[in-house]
Amino acid sequence: MGAVDGEQRVVRVLPDVVGIDKEFDYLVPEGVDVHIGDVVRIQLGGRRVGGWVTGLDVEPAAGVALRPLARVSGRGPAPELIELAGWAAWRWAGRRAHLLRTASPPGVVRSLRLGPDDAVVTAPRPEAEHGAPPDGSGAGWIDEALSSAHGVLRLPPGADRYPLVLEAGRRPGITLVLCPSVADAQVLGRRLRRDGVRTAIVAHDGPGAAATGEWAHAASGRAQVVVGARAAAWAPAPDLGRVVVLDEHDEVYQQEQTPTWHARDVAVERAGRASVPCLLVSPCPSLEALAWGDLVTVDRGTERAGWPRTEVVDQRDLDPGLGPLFSPALVELVRGEGRVVCVLNRTGRARLLACAACSTLARCEVCDAAVSLEEPAGGPEDEAGSGSGPGPELVCGRCGTRRPVVCLHCHASRFKNLRLGVSRAREELEVLAGRAVVEVTAAAEVDDATLAEAPLLIGTEAVLHRVARADSVAFLDFDQELLSTRYRASEQAMAMLARAARLVRRGADGRGRLLVQTRTPDHQVLVATRAADPGRLAETERALRPVFNMPPAVAMAIVSGQAAPDFMAGFGHPDRVRVEGPVDGAWRLRAPDHEILCDALAAVSRPAGRLRIEVDPLRA
DNA sequence: CGGACAAGCTGA
DNA sequence: CAGCTTGTCCGG
């Protein structure tokens, strides 16, 4: 479409400036080729800024003198991604520019035309081999999962997902695969390439030129599989055939800064708009996934075999002499042959209280979260006496229920604090094990060889991310996870066990196992893990969320920041949205669904100043 | 967002 | 009232 009758073409441009969520029209200089999504530079209000072309051959607003595009830098997100960004901006109450940056190449892509026949969209691809799954795995679930339009595939941690991805990649149309980390994506992508599948590994970090090249490769339509981490939900994939999200339950899929978009939800929406199947894969599918799709499971025997043996130790029964962290089972484990990873989350969580008499943890009688001790005035905090009058109380950090300082199990009224750090635990463990113990936290500098070979390690949750293989994983004090006041505590604890299970999978002779020390051995998470059946936990959790008005039973948002009072004044009290707060300057909004919540948020004009709108907060 | 410009404050 | 700060508006 060239210029008509010598009239100059006019395009619409969204500036890449957060704070200007508005489009402007520009003239296209003679002989310049532009496409929707192209990255351009424009003169705007006395300065030169970047932007994206969002409309071609538009009718310019009357009575404005148009300026020409200063420059067309290169290719950008395809039209459907521009639209998807509009949707996501609504869904997470953010700015389109934020999302379009993620959808744009990390560097300049001048053209997608690499060859003389410059096929941009549909490079010919060998006919897909239908039928038998690769490498004779004969797994019917691969076919079942890939033929579901809204599939949620529950695969145990030990299961190999590669045959599924390979088969997906061989089917017609481009397969977009999301992994929790860039490292996972690289491993997967290289393996696909070795197997002859043309693969683009998209990532925004790493060497700029290489990353840009991968983006262009994906955008050219020549890759059969496009694989990447969170941001790859926005990767180019012309002729999209299906989307696969691996470990969809993983919280890294949610962006921490606002807009707090979630790659799984973007992937689902993207597939839906393209009318292609989306498959969410996880050992422990999120409630969000289960609410969205159709659950596909492998047979009971396969799932059971894909979880390691799990031993639960009740810390209430332990000999006080050794301290609560070192059960006989743990001592035996660390003195034994195999490679052992010990996990102790010590960082800044609420302190746990245990009954001084019977060691039972102080938990909320309503919702089971850990409770803390609240003194009426500025009284002492370490020891809770009975006392009279307005004495201290146990308060639930999750649902706010209060009760007198009495143990639910033995009715004693004295509690002790439990608090132990990794460093001290490491020293004690070294003595007990009679050999060196390596400490691994997120910050600790530990070289790769040590991570790969040290026979005995201890660390916070980070150790599960940094170590690839072990014969056993021991959680020294799992109640830190189980009883956290975050409403997703149980799901997060289950995810952590699944991650640990992957470390010990296929331990030679299947001797790998998990050891979990706890004061709540009958917790649903542990019941589900021992049964190798995360569905049990999902059932209980799904029933609880409506009771506490928590996602996914409701749609929720937190509004905070300096401009929050202004924003909330404009927000008012829309129908069917419950407004609570402010608590510490933050409001909490809840609605029956996102349609209602996000429409209400979008109806308010943003005041100037710092404003944080966190839709689907992980903690609330 | 950041530049332009207008209205408001301060000091001689 | 010049000179500067603070606030509001708008960009093609």
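Keep in mind it's a predicted model, so treat the numbers as computed, not measured.
With sequence neighbours left out, A:E614 forms a side chain to side chain donor-acceptor pair (under 3.5 Å) with no residue at all. Looking at residues two or more places apart in sequence or on another chain, you find a salt bridge (Lys or Arg N to Asp or Glu O under 4.0 Å) between A:R96 and A:E23.
A salt bridge does not link A:R606 with A:D21: none of the charged nitrogens is closer than 4.0 Å to a carboxylate oxygen.
Among residues at least two apart or in separate chains, there is no side-chain hydrogen bond (donor to acceptor under 3.5 Å, both in side chains) pair with a member in residues 39-51 of chain A.
Proximity of a side-chain donor or acceptor of A:S220 to a complementary backbone N or O of A:H217 within less than 3.5 Å is detected. For A:T175 (side chain) and A:A168 (main-chain N/O), a donor-acceptor pair under 3.5 Å exists by modelled atom type. Under the 3.5 Å distance criterion, the side-chain polar atoms of A:E214 are left unmatched by any main-chain donor or acceptor of A:A203. Of the possible polar contacts, one joining the A:Y253 side chain to the A:L178 backbone as a donor-acceptor pair under 3.5 Å is found.
Here chain A contacts DNA chain C (any atom closer than 4.0 Å to a heavy atom, that is under 4.0 Å), and the contacts span C:dG11 to C:dG12 from 5' to 3'. Protein chain A contacts DNA chain B over a range whose 5' and 3' limits, counting nucleotides with an atom under 4.0 angstrom from a non-hydrogen atom, are B:dC1 to B:dG2.
As judged by a 4.0 angstrom heavy-atom cut-off over every strand, A:A608 is placed among residues making no nucleic acid contact.
With respect to A:E491, the salt bridge (Lys or Arg N to Asp or Glu O under 4.0 Å) criterion is satisfied by exactly one of A:R545, A:R542, A:R486: A:R545.
In the model, A:D265 has no side-chain atom that pairs as donor or acceptor with a side-chain atom of A:W292 under 3.5 Å.
Applying a 4.0 Å cut-off to non-hydrogen atoms, the residues of residues 33-48 of chain A that approach DNA chain C are A:Q43, A:L44, A:G45, A:R47, listed by residue number.
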